[in-house]
Chemist: 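Mind having a look at this structure? Questions to follow.
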Amino acid sequence: MLRGISAVILCVIFTAGLFAGAVAPYPYTKQFRERVNAAPSASHWLGTDSLGRDLFARLVYGTRVSLLLSPAAAFLSTLIAGVLGGFAGLVGGWCERLILAAADLSMALPLLFVLLALRALLPLNVSPLVSVIATFALLGLLGWPSSLRVVWATTKNLRNSDFLLLARATGCGRSRMIARHVLPNLRPVMFAQFWISIPLFVLTEATLSMLGLGVMEPLPSWGNLLRGLEDVSAVSTNPWRLAPLIVLMVVVVCFQLILPTPEETA
Amino acid sequence: MRARIQIIGSQLLTLAALGLFGGLLSASLVRFAPGYGVDERELDPRLSQASVEAIRNSHRLTGGLLSYYRHFLASALQGDFGRSEWLERPVSSLIKERFPVTARSVVLGVTLAWATALGISLSGLFFRGFFLDISGTLASSVLIALPTAVIAVFSVYLRAPVFLAIAVVMFPKLFRYLRNLLAEAYAQPYILAARSRGIGRARILFQHVLPLASPALFALFGVSLSMAFGAAIPIEALCDSPGVGQLAWQAALNRDLPLIMNLTLLITLLTVAANLLANAAHERAL
């Protein structure tokens, strides 16, 4: 029941983000200079920000950025984890030890420190589009180690399983074995890892953007919309500024609710 | 005894290898970053051609990666981690100044988060209380959906100390693991057998459930330190706490690569050392 409701909520928010151009009443950069910090009204459903931009429009466009690119980053990290973890689990030996050591090393690195270090390599005055791509690409490239461990453990179990032994005994080639026996059994695990990574990347992007190192203005994302919360007086007088936070929390909770249970993954 | 010495030796070797590898990575990133070796003094029209050439030559001395890395290692062994380009101060003195602030917040935050998460998880098992379990799960579900930076902003509103914000960030992650770990251990058949023989709940929890879950708990302790240091960045940055987290954030904003690389290396080595200590403590406990 809860899972169904969560899926519907996510579908609605995802669709709104996908068709942001049709849903939002104004472009996200359009300024209404005579209506700065306006309260919600029929023309501005969530009011306007300190630059007079429509907050609802920015929230919808921000949804598109955060909710479309987080799955892309999750796909990239799951793909890296799948390829490396699967390879380590199947091949074994020094390759396995090397890949696991790299994963352990990456897990020991605090993600935010590494993100900050790599983000610092890029100039700060990059275009908004480059900042979006850089932020989510870094998330995707750095988020694989924990997924790799799971994929590796599953592949190792598969390698030692009776049905693969039987397949090998009947002369099944390596590529056919991987395509017909290993990959179908890895799919649920990788699918679960993909779903787990999405809310994690949404939250990390929000924190990075709040620190001014994520998606750059004027392009909206949930993270840089949350920067409005830093102004205490503005939030207490304009509580509708909490809308991006509420949407973000709803999305993360919905993702948690629709995640497959370990039994389902197995 | 010999096996134990071998284990300790291999763990120290791991730490040293990690330090060398991390140092090489840091040095490579600094060396190949755009703008490396360019000195803005070269643009000063008052300087003569000879002076500009002298400035360029001073950068050429550390030209290649290997010589740069050798120089970096030799200096690091003497406690010199270079100079911050932005603050124009030695990195080691900045770390010495800022690290105790972060270490205190992280230690207090992690301790508080562990105490709360373990307390609620154990109480849930001890009292078999639906209310405790549900309230803990609800609190962790809401808190885990909040970005760390938002928790930092709320802690500024509420004038809460930095360690409390770190504890709030850590609690939901720890609670979920601990609750599942302890519940899984409690569901083992031999625990059921012990309960059926009338052994008290407290004895079961502390003598059977906790030792069974201890390997995972020790592993989680090392990971929790890494998570806490990561959480310290946005919290210290937004709460204006003068620690290493705030320094890393300012270094990133000012593109001070030597500083941020050394900070990342320091935190990584600390995390790995904590993991190794946790492993050693676990092996000793067995």
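Computation of the quantities below employed the complete heavy-atom set of this structure, encompassing side-chain atoms and omitting hydrogens, waters and symmetry-equivalent molecules.
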Chemist: Check whether B:A248 gets within reach of chain A through its side chain, its backbone, both or neither, counting any heavy atom under 4.5 Å.
Modeler: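 Both backbone and side chain of B:A248 come within 4.5 Å of chain A.
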Chemist: When rounded to the nearest 0.5 angstrom, what distance separates OG1 in B:T148 from CE in A:M210?
Modeler: 10.0 Å
Chemist: State whether the number of non-hydrogen atoms from other residues, nucleotides or ligands found under 6.0 Å of B:R104 atom CZ is greater than 12.
Modeler: no
Chemist: Listed by chain and number, what are the salt bridge (charged side-chain N to carboxylate O under 4.0 Å, His left out) partners of A:R64, not counting sequence neighbours?
Modeler: none
Chemist: When heavy-atom pairs shorter than 4.5 Å are enumerated against chain B, which of A:L208, A:L203, A:L211 gives the highest number?
Modeler: A:L211
Chemist: Take atom CD of B:E184 as the centre, draw a 6.0 Å sphere, and report whether it contains more than 12 heavy atoms from other residues, nucleotides or ligands.
Modeler: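 No - once you tally the heavy atoms of other residues, nucleotides and ligands closer than 6.0 Å, there are 12 at most.
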Chemist: Of the listed residues (B:I233, B:L225, B:V153), which shares the most heavy-atom pairs with chain A below a 4.5 Å separation?
Modeler: B:I233
Chemist: Quick one: what part of B:L238 sits under 4.5 Å from any heavy atom of chain A, side chain, backbone, both or neither?
Modeler: side chain
Chemist: So for B:V142, is it side chain, backbone, both, or neither that comes closer than 4.5 Å to the heavy atoms of chain A?
Modeler: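 Contact with chain A involves both backbone and side-chain atoms of B:V142.
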Chemist: Sort by residue number and list every residue of residues 244-253 of chain A having at least one heavy atom under 4.5 Å from chain B.
Modeler: A:L245, A:L248, A:M249, A:V252, A:V253
Chemist: Check whether more than 12 heavy atoms from other residues, nucleotides or ligands sit under 6.0 Å from atom CZ of B:F221, and answer yes or no.
Modeler: no
Chemist: Is it the case that over 12 heavy atoms from other parts of the model lie below 6.0 angstrom from the CZ atom of A:F194?
Modeler: yes
Chemist: Within a 6.0 Å radius of atom OH on B:Y177, are there more than 12 heavy atoms belonging to other residues, nucleotides or ligands?
Modeler: no
